[in-house]
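As structure tokens, the structure follows; a few thoughts come after it.
Here the structure is a predicted model, which is why all the values come from computation and not from measurement.
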Amino acid sequence: MTTADGTHADEPHRAGLAQRLNGLRAGVLGANDGIVSTAAVVVGVAGATSQTGPVLVAGLAALVGGAVSMALGEYVSVSSQRDSEHALIQKERRELAEDPDAELAELVGMYEAQGLSRETATRVATELTASDALRAHLAVELNIDADDVVSPWAAASASAVAFTVGAILPLSTILLAPVEVRVALTFVAVLIALAITGYLAAWIGGARRGRAILRTVIGGALALAATYAVGALFGVTAG
């Protein structure tokens, strides 16, 4: 279906795309980290003791600490990106004010480099400059939309919430399952969840789904096996 502006409703041409994709990316990565890191902690502790208390305390600590850490990391990272984008926007605005003719010539040259004839490039650049010179330069020269600068708070919130949701899965599984099978059930639940997050991450990035799923599942399995081995080793040593 084509909209009034000539775009298709099911294609990502609408405003706010960077915000949505950034939040979705942070959410998927946060969930993946929450699943793996929390599962590794609780499986490791479960390998050292059959008691539920230590597993619960370690799991909650991993959940809270990880969620805060992920949120802070996303906030710092996206804040740096946002600051860079704002700096580029201000620089472009200043250049347009100081030397608009040179900026118009630059825009013509960029359209020519994309394959337009000199005449067509000049016409396009002139009309876009008359409409919104700053937006035209940001879009073609820097691939920035001034109305769609990423939000560090949105990314941090999405990451923290997703990490918490991801962490709840292995924590609840290992606490609710019978002691004799809780590690095995946690392994299964975690690997299924990682397959889902691997698929979503590949879908967001347009990558091959199978390879992403395999990479995520194998990495998670190795992390769980390693921490369980460490916990079992120290449990036997302490015993």
Answer yes or no: is there a side-chain heavy-atom contact under 4.5 Å between V41 and V43?
-> no
Flag yes if V64 and Y75 sit in one hydrophobic cluster, no otherwise; membership is Ile, Leu, Val, Met, Phe, Trp, Tyr, and two members link when side-chain heavy atoms are under 4.5 Å apart.
-> no
Between CD1 of I89 and NZ of K91, what distance do you get to the nearest 0.5 Å?
-> 13.0 Å
Would you say the side chain of E92 lies within less than 4.5 Å of the side chain of L138, judging by non-hydrogen atoms?
-> yes
Could you check whether the rings of Y228 and F187 sit parallel, tilted or perpendicular, using 30° and 60° as the cut-offs?
-> perpendicular
Just how far is it from atom CD1 of I196 to atom CG of L191, taken to the nearest 0.5 Å?
-> 11.5 Å
Rounded to the nearest 0.5 Å, how far does CG of D132 lie from CG of L134?
-> 6.0 Å
Would you check, one step at a time, whether the test side chain to side chain donor-acceptor pair (under 3.5 Å) holds for S117 with T120?
-> CA-CA 5 Å; S117 66; T120 302; 2.9 Å; yes
More than 12 foreign heavy atoms under 6.0 Å from CD of Q51: is that the case here?
-> no
Between S172 (side chain) and L169 (backbone), is there a donor-acceptor pair under 3.5 Å?
-> yes
F163 versus N32: any side-chain heavy-atom pair under 4.5 Å?
-> no
Exam field: side chain S157 to backbone A154, donor-acceptor pair closer than 3.5 Å = no
Note: A121 and E112 closest approach over all heavy atoms is CB-CG, 3.7 Å
Which heavy-atom pair separates R182 from I174 by the least distance, and what is that distance?
-> CD-O, 3.6 Å
Interatomic spacing from OG1 in T186 to CG in L176 - rounded to 0.5 Å | 9.5 Å
Do side-chain atoms of S69 reach the backbone of G65 as a donor and acceptor pair under 3.5 angstrom?
-> no
Looking only at atom types and distance, does a side-chain atom of S159 sit under 3.5 Å from a main-chain N or O of A155, one as donor and one as acceptor?
-> no
So CD of E74 and CH2 of W153: to nearest 0.5 Å the spacing works out to 13.5 Å
Give a yes or no on this: more than 12 heavy atoms of other residues, nucleotides or ligands lie within 6.0 Å of atom CZ of R211.
-> no
Closest non-hydrogen atom pair, A156 against A71 = CB-O, 3.4 Å
Ignoring hydrogens and geometry, is there a side-chain-to-backbone donor-acceptor pair from T197 to L194 under 3.5 Å?
-> yes
Going by chain and number, the hydrophobic cluster around L116 (ILVMFWY, side chain to side chain under 4.5 Å) further includes L107, M110, Y111, V124, L128, V140
CZ (R135) and OG1 (T129) are apart, to the nearest 0.5 Å, by 13.5 Å
In short, salt bridge (Lys or Arg N to Asp or Glu O under 4.0 Å) pairs touching residues 119-131 with sequence neighbours left out are E119-R123
Between A223 and V36, the two heavy atoms sitting closest are CB-CG1, 4.1 Å
Side-chain (T227) to main-chain (A40) donor-acceptor, under 3.5 angstrom = yes
Within the side chain of H137, is there an N or O that forms a donor-acceptor pair under 3.5 Å with the backbone of E103?
-> yes
Within-4.5 Å side-chain heavy-atom neighbours: V108 and R118 = yes
If two hydrophobic side chains count as joined below 4.5 Å and joins carry through other members, does V165 share a cluster with Y199?
-> no
Min side-chain heavy-atom separation R93-L88 under 4.5 Å = no
Heavy-atom closest contact (I213 atom, G198 atom, distance) = CG1-C, 4.1 Å
ILVMFWY network linking L96 to I144, side-chain heavy atoms under 4.5 angstrom | yes
For residues V183 and A46, report the shortest heavy-atom separation together with the two atoms involved.
-> CG2-CB, 3.9 Å
Are L185 and V45 connected in the hydrophobic side-chain network, where two residues link if heavy atoms are under 4.5 Å apart?
-> no
If you group Ile, Leu, Val, Met, Phe, Trp and Tyr by side-chain heavy-atom gaps below 4.5 Å, do I168 and I35 land in one group?
-> yes
